[in-house]
Amino acid sequence: MPQGLRAMTAYLYDLFARNMPAAGKAFIENHDGRIINFGDVETGSARLANVLVSLGVVPGDRVAVQVEKSPEAILLYLACLRAGAVFLPLNTAYTPVEIAYFLGDAEPRVFVCDPATKDKLTSVAQQAGVSAIETLGVAADGTLYERMQAASTTFEDANCSVDDLAAILYTSGTTGRSKGAMLSHGNLASNAQTLIKAWGFSDKDVLIHALPIYHTHGLFVATNVLLMAGGTMLFLPKLDPDAIMRLMPRATTMMGVPTFYTRLLQRSDLTPEATKHMRLFISGSAPLLAETHREWRAKTNHAILERYGMTETNMNISNPYDGDRIAGTVGMPLPGVEARVTDPDAGTPLPDGEIGMIEIRGPNVFKGYWRMPEKTAAEFRADGFFITGDLGKRDERGYYHIVGRGKDLVITGGFNVYPKEVEDEIDAMPGVIESAVIGVAHADFGEGVTAVVVKDKASSLDEKTVLANLNDRLAKFKQPKRVIFVDDLPRNTMGKVQKNVLRDTYQDLYKA
Ligand code: AMP
C-alpha cells in the first residue's frame, strides 16, 4: 500500500492500512464464493467513502446501517472510518418502530437498509429527518452498491484522531431505552492491538466467521483483529454447523458464542482429527457452561478460550493463550485493562472471593452514551472506572468469575440470591441440559426464586426431585419456590438467555 502518499490519516483505518499484506491476499471469503482481497479493502472502502461524501456526509455524521451480513457491509464500516463518519450498525431483527427510535435518537446523515426493507423503512427514515436512504444487498446489489461501482478508487482520508468517534453501537437495552455506546478510534484500535498479542493472531490466521456484524463480537473483535493482523475471514451468514465443519480443515481459529459450541458438540464428526488444523477456539458474549468447556476438550483436545467483554468496553478479561484456560472462569484482565470487584453501593474494592460489581478502566472503555450525559455519569466512578453492571468475583489465582447481570440478582425475603449459584446446582443434576433462575413477584418474599429448566427428552426428572436434590445443597432461602420445565430457554442472537422474557412469562406465577 502506498502509505507514504496518505496526506491525512483516519487513525484506525491508517493502522489497518499500514499492516495490510499484499493486495492479492484474501481478506474475506464469502460463503457464495465471492472474495474481497486486501486490494479491494483499500479500493472498495475508498469508493464507498467517496459515495458517502457525495451524499453529504462530513466528519462526525452518523451513518446508520441495517443490512444483512455481506463483505460490502464491512467495506462500508471502513468507509465510515476513512470519511470520519460514525458507523452505526443496527440489529437486523429490529422492527420499523424500533428503527424509528434509533434514527430519531442518532439523527444520521445517511440510512442504509436492505433492498427488501426499503419500502417499509423509507417513510420511517423520512419522518426521522433522514434525507439520504440507500440500500445494500447480500448479492452485490442495492443502490449503494451501484453508486460504489461508479465512484473513484482513491480517497483522501479525513483527519481523525484517537478520541474521534468511530462508531455508535446501541446496547440491547432489556430495561428502559436502548443506549448508544460511543466508541472512539482509539478504543477500537487499542483493543484490536491488545487482542492480536494476547491471542497470537497473525497473517497466517484464517477465522471462521459465523457471527452477526452489527454486534461488537463479529464486527470489532473478529473483523478489527483479522484486518489488523492481515488474516483471512471465512464469512458465513449465520451459525451453520455443517458449513463450519466443512471449513475447519482450512481454518485456524473460530470466534463464537456458547451456542456455537453446544450445537457443534451434538455432531458425531467433531473429533480431534476434524479440528487438528485449528489453533484456537474462542467463546464470549454469554456464559460458557463449564460442562461445555469440558466436553469440548474431551472431544477435540482443544480448551476453549473464554473471554469477557461488552459493547461499552470492548474486551476486558480473557483466559490466557499460554497457560491454564479454566472452565467456568473468564480469565484475567487483558494487558492495559484494569479490573476490580467492588461493593455495588459503596464502590469500595472487595477482597478476593467476594462477589461484587465488576468495574473496568482502560483505553478500551467507551466515551459515554450518546446524548445521555446523566446516564453516562451514573455509570462511571470518580476515578474513571466503568461500572459494568455484571456481578462477579476474583479467585485466589487472579481469575475472574462472572455470576450474572446485577439486575438479574434475586432478592427474596431481604436475602440476595445469585442465580448462577442455583443454576450451577441444578445443571449438575443428571438429566438437566440447562437452567435459568429468575425472581418473580411474590407477596410474602418480595421475589420468589424460580427455576426454569430444560431437561433431556428421556429424563423423568420432575419438580419434586429437583427440589429434594437441592435441599441439602443450598440454604433454604436460595431454593426455588417453583421449578418449571420448558423445551428451550429464550435466547437472543448472541446466545444470551433473555431473563426479561422469562420474568414476563411467569410474572403471575405466585399470584393467587
Ligand atoms: P454485549 O454488550 O451485548 O456484548 O453484552 C455484554 C454482556 O454480555 C456483559 O455485560 C456480560 O453480562 C455478558 N457476557 C459477555 N461475555 C461473557 C462471558 N464470557 N461470560 C458471562 N457473561 C458474558
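As the structure lists them, so they are numbered: ligands from 1, and atoms in each ligand from 1.
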Atom CZ of Arg279: over 12 foreign heavy atoms under 6.0 Å: yes
Glu295 side-chain N/O to Thr292 backbone N/O, donor-acceptor pair under 3.5 Å: no
Test side-chain hydrogen bond (donor to acceptor under 3.5 Å, both in side chains) applied to His217 and Ser285, step by step: CA-CA 7 Å; His217 196 166; Ser285 292; 3.0 Å; yes
Within reach of ligand 1, part of Thr311 (heavy-atom separation under 4.0 Å): both
Region of Ser283 that comes within reach of ligand 1 [heavy atoms, distance under 4.0 Å]: neither
Over 12 foreign heavy atoms within 6.0 Å of CZ, Arg405: yes
Residue part near ligand 1, for Lys496, under 4.0 Å between non-hydrogen atoms: side chain
Sub-4.0 Å heavy-atom contact, His215 with ligand 1: yes
Polar proximity ligand 1 side, Arg405 side, N/O cut 3.5 Å exclusive: yes
Heteroatom proximity flag, Ser285 to ligand 1, N/O under 3.5 Å: yes
Selection from His217, Glu306, Arg307 by shortest heavy-atom distance to atom 20 (N) of ligand 1: Glu306
Thr388 near ligand 1 by a heavy-atom separation under 4.0 Å: no
Phe380 ring center within less than 6.0 Å of Phe366 ring center: yes
Close approach of Thr171 to ligand 1, heavy atoms, under 4.0 angstrom: no
Where Met310 and Tyr308 come nearest, the two heavy atoms and their spacing: SD-OH, 4.1 Å
Parallel, tilted or perpendicular: rings of Tyr170 and Tyr101 (30°, 60°): perpendicular
